[in-house]
Amino acid sequence: MKPMCINNKSARTALLSNSADTMRALDDARQSQADMYIWTIPKEMSIPLDYPEDCLFWTGTLGICPNKRQPGTYLLVPGAASKVNIYGTAEQWVPSRIDPNAPLNMLGKRFDEAEYPLLQLPSVPAYAVSGYAEIMGSALISMGQNIVAMRQPILISGQMGNVAIRYAASMLTGGDTYVPVIADAEGNSMRELTVLDLKATNFIDPLTGAVDAASGWMHRILGIDAAATQKASGVSENEVSRGDARVAARRQHALEHRQAWCDRVYELLGVDLWCELRDDPGDDPGNGEEDTVGDHMDGAADPEGAEEEQKM
């Protein structure tokens with residue numbers, strides 16, 4: 001998959017024209033990627049913390065260019081290549097925005113890639129996971145339809161505008177499980193209720209499994225640990241273990257791309273940017289293991305040590 005900076009405007013616009021359900025799944029993946037990396041950015045640049053990862057997720061690029069409004073400072077922006085070398089790397093590029101339709105007063109001015117570095121990921125994360133996001137969006141729509149289908153309609157017969165009819169309809173719409181009997185002066189019921197059986201089948205479990213599986217694959221593509229969702233979707237332990245190694249390699253490779261770009265920015269422009277992985281709480285050394293080792297070493301819970309003390 002070629003980097004977004006090589007794609008034309010129509011290709012970039014197509015990604016943003018997905019359905020609302022697909023976009024919600026993509027936005028969740030975007031936030032998961034942003035949560036994985038910690039960017040250190042000079043305060044004078046006034047860059048939101050998640051903005052670098054937003055650029056990289058939606059466009060696969062992150063560039064730095066001068067800020068016209070504040071001379072001597074720089075902006076972080078996505079980039080669109082205007083000249084590409086044989087390796088697919090942008091030799092010249094123009095600043096753009098995450099939304100390709102948004103205007104930018106810097107468009108039209110070309111920057112030499114050697115002077116203003118442009119970070120290009122091997123693939124565009126949003127495009128790489130878009131197929132799984134569509135599956136999640138479709139599954140969520142189907143779940144909603146299935147839930148509605150299992151709500152058996154209740155037919156109410158009677159005169160339109162009758163107080164008893166309106167009262168019964170109001171209670172059923174609110175989800176009440178009972179409807180009081182309302183009769184006229186002679187004791188005759190003023191309406192008739194009939195349950196319509198749609199013979200709907202419960203597909204919630206398989207649809208939930210499809211959502212979990214698609215979410216797990218999306219996270220693996222982004223280099224995010226997804227063992228829990230993979231196990232929940234029926235993947236074997238061996239497959240999860242092999243997947244963990246690929247996830248770790250992809251995550252480290254993505255980090256190296258970011259850090260190499262930060263080094264280059266500092267060498268050419270003197271701007272101190274840096275990116276690190278967020279620590280995994282599960283790797284915290286203070287999780288109780290040290291206490292266990294300490295108890296063992298001092299012999300407090302060692303029966304053999306206790307026997308030797310008694311002999312002495």
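Numbers for residues simply follow the sequence, beginning at 1.
Under a hydrophobic-cluster definition in which Ile, Leu, Val, Met, Phe, Trp and Tyr are linked whenever side-chain heavy atoms come within less than 4.5 Å, directly or via other members, Val265 and Ile41 are assigned to the same cluster. A continuous path of ILVMFWY side-chain contacts below 4.5 Å connects Leu268 to Tyr74, so both sit in one hydrophobic cluster. Side-chain heavy atoms closer than 4.5 Å link hydrophobic residues (I, L, V, M, F, W, Y) into clusters, and following such links, possibly through other members, connects Leu140 to Tyr132. Under the 4.5 Å side-chain heavy-atom criterion for grouping Ile, Leu, Val, Met, Phe, Trp and Tyr, Tyr116 is not connected to Tyr266 through any hydrophobic cluster. Residues Leu277 and Trp39 share a hydrophobic cluster, clusters being chains of Ile/Leu/Val/Met/Phe/Trp/Tyr side chains in contact below 4.5 Å.
Residues passing the side chain to side chain donor-acceptor pair (under 3.5 Å) test with Gln145: none are found, sequence neighbours excluded. For the side-chain contact (heavy atoms from CB on, under 4.5 Å) test, residues two or more places apart in sequence or in another chain that qualify with Ala25 are Ala133, Met136. Shown here are the ring-ring contact (aromatic ring centres under 6.0 Å, His included) partners of Tyr37, two or more places apart in sequence or in another chain: there are none. For the salt bridge (Lys or Arg N to Asp or Glu O under 4.0 Å) test, residues two or more places apart in sequence or in another chain that qualify with Arg264 are Glu113. For Asp263, there are no side chain to side chain donor-acceptor pair (under 3.5 Å) partners two or more places apart in sequence or in a different chain. In this structure Glu91 satisfies the salt bridge (Lys or Arg N to Asp or Glu O under 4.0 Å) test together with Lys83, sequence neighbours excluded. Under the side chain to side chain donor-acceptor pair (under 3.5 Å) criterion, Ser32 pairs with His219, sequence neighbours left out. Remark: Asp27 engages Arg30 in a side chain to side chain donor-acceptor pair (under 3.5 Å) (not counting sequence neighbours).
Closest non-hydrogen pair, Leu56 versus Pro125, comes out as O-CD, 3.2 Å. When all heavy atoms are compared, the tightest approach of Val77 to Cys65 is CG2-SG, 3.9 Å. Considering every non-hydrogen atom in both Ala81 and Val84, the closest pair reads CB-CG2, 3.7 Å. Taking each heavy atom of Val211 and Ala139 in turn, the nearest pair found is CG2-CB, 3.6 Å.
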List the atom pairs, donor and acceptor, that lie under 3.5 Å between side-chain atoms in residues 255-262 and the rest of the protein, sequence neighbours left out.
residue : atom : partner : partner atom : Å
His257  : NE2  : His253  : NE2          : 3.2
Arg258  : NE   : Glu53   : OE2          : 2.9
Arg258  : NH1  : Ala254  : O            : 3.0
Arg258  : NH2  : Glu53   : OE1          : 2.9
Gln259  : NE2  : Cys275  : O            : 3.0
Trp261  : NE1  : Pro117  : O            : 3.3

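Taking CE of Met143 as the start and CG of Asp205 as the end, the distance is 9.0 Å to the nearest 0.5 Å. Interatomic distance, CD1 of Ile224 versus CE of Met218, reported as 9.0 Å (0.5 Å rounding). The OG1 atom of Thr61 sits 8.0 Å away from the CH2 atom of Trp93 when rounded to the nearest 0.5 Å. Atoms CG and OG1, from Leu121 and Thr59 in turn, are 8.0 Å apart once rounded to the nearest 0.5 Å. The structure places CZ of Arg278 at 4.0 Å from CD1 of Ile38, a figure rounded to the nearest 0.5 Å. Between the CD atom in Gln70 and the CG atom in Leu75 there is a gap of 8.0 Å [rounded to 0.5 Å].
Residue Tyr87 shares its hydrophobic cluster (ILVMFWY side chains chained together at separations under 4.5 Å) with Ile86.
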Ile64 vs Val271, side-chain contact (heavy atoms from CB on, under 4.5 Å): CA-CA, chis, key distance, verdict: CA-CA 10 Å; Ile64 185 169; Val271 180; 4.2 Å; yes
What's the verdict on side-chain contact (heavy atoms from CB on, under 4.5 Å) for Leu76 and Leu273, showing C-alpha distance, side-chain angles and the deciding distance? CA-CA 11 Å; Leu76 298 183; Leu273 303 172; 4.1 Å; yes
Run the side-chain contact (heavy atoms from CB on, under 4.5 Å) test on Leu222 and Val129 for me, step by step, so that the C-alpha distance in whole Å, both residues' side-chain angles and the decisive distance to 0.1 Å come before the verdict. CA-CA 8 Å; Leu222 298 175; Val129 302; 4.1 Å; yes
May I have the step-by-step check of side-chain contact (heavy atoms from CB on, under 4.5 Å) for Thr73 and Met45, ending in yes or no? CA-CA 7 Å; Thr73 62; Met45 295 184 69; 5.9 Å; no
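The main-chain N or O of Ile204 is found under 3.5 Å from a side-chain atom of Thr208 such that the two form a donor-acceptor pair. A donor-acceptor pair under 3.5 Å links the side-chain atoms of Ser142 to the main chain of Ser138, judged by distance alone. Judged purely by atom type and a 3.5 angstrom limit, Asn146 uses its side chain to pair as donor or acceptor with the backbone of Phe203. Counting only distance, with no hydrogens or angles, the side chain of Ser130 and the backbone of Tyr127 share a donor-acceptor pair below 3.5 Å. A donor-acceptor pair under 3.5 Å links the side-chain atoms of Arg251 to the main chain of Gly223, judged by distance alone.
For the side-chain hydrogen bond (donor to acceptor under 3.5 Å, both in side chains) condition, the pairs that include at least one residue of residues 268-277, sequence neighbours left out, are Trp274-Glu276. Sequence neighbours left out, not one pair with a member in residues 56-67 passes salt bridge (Lys or Arg N to Asp or Glu O under 4.0 Å).
Within a 6.0 Å radius of CG in Leu49, no more than 12 heavy atoms belonging to other residues, nucleotides or ligands are found.
The side-chain heavy atoms of Pro52 and Ile47, taken from C-beta on, include a pair separated by under 4.5 Å. Taking 4.5 Å as the limit, some side-chain heavy atom of Leu26 sits within range of a side-chain heavy atom of Trp58. Counting heavy atoms from C-beta on, the side chains of Glu134 and Asp21 never come closer than 4.5 Å.
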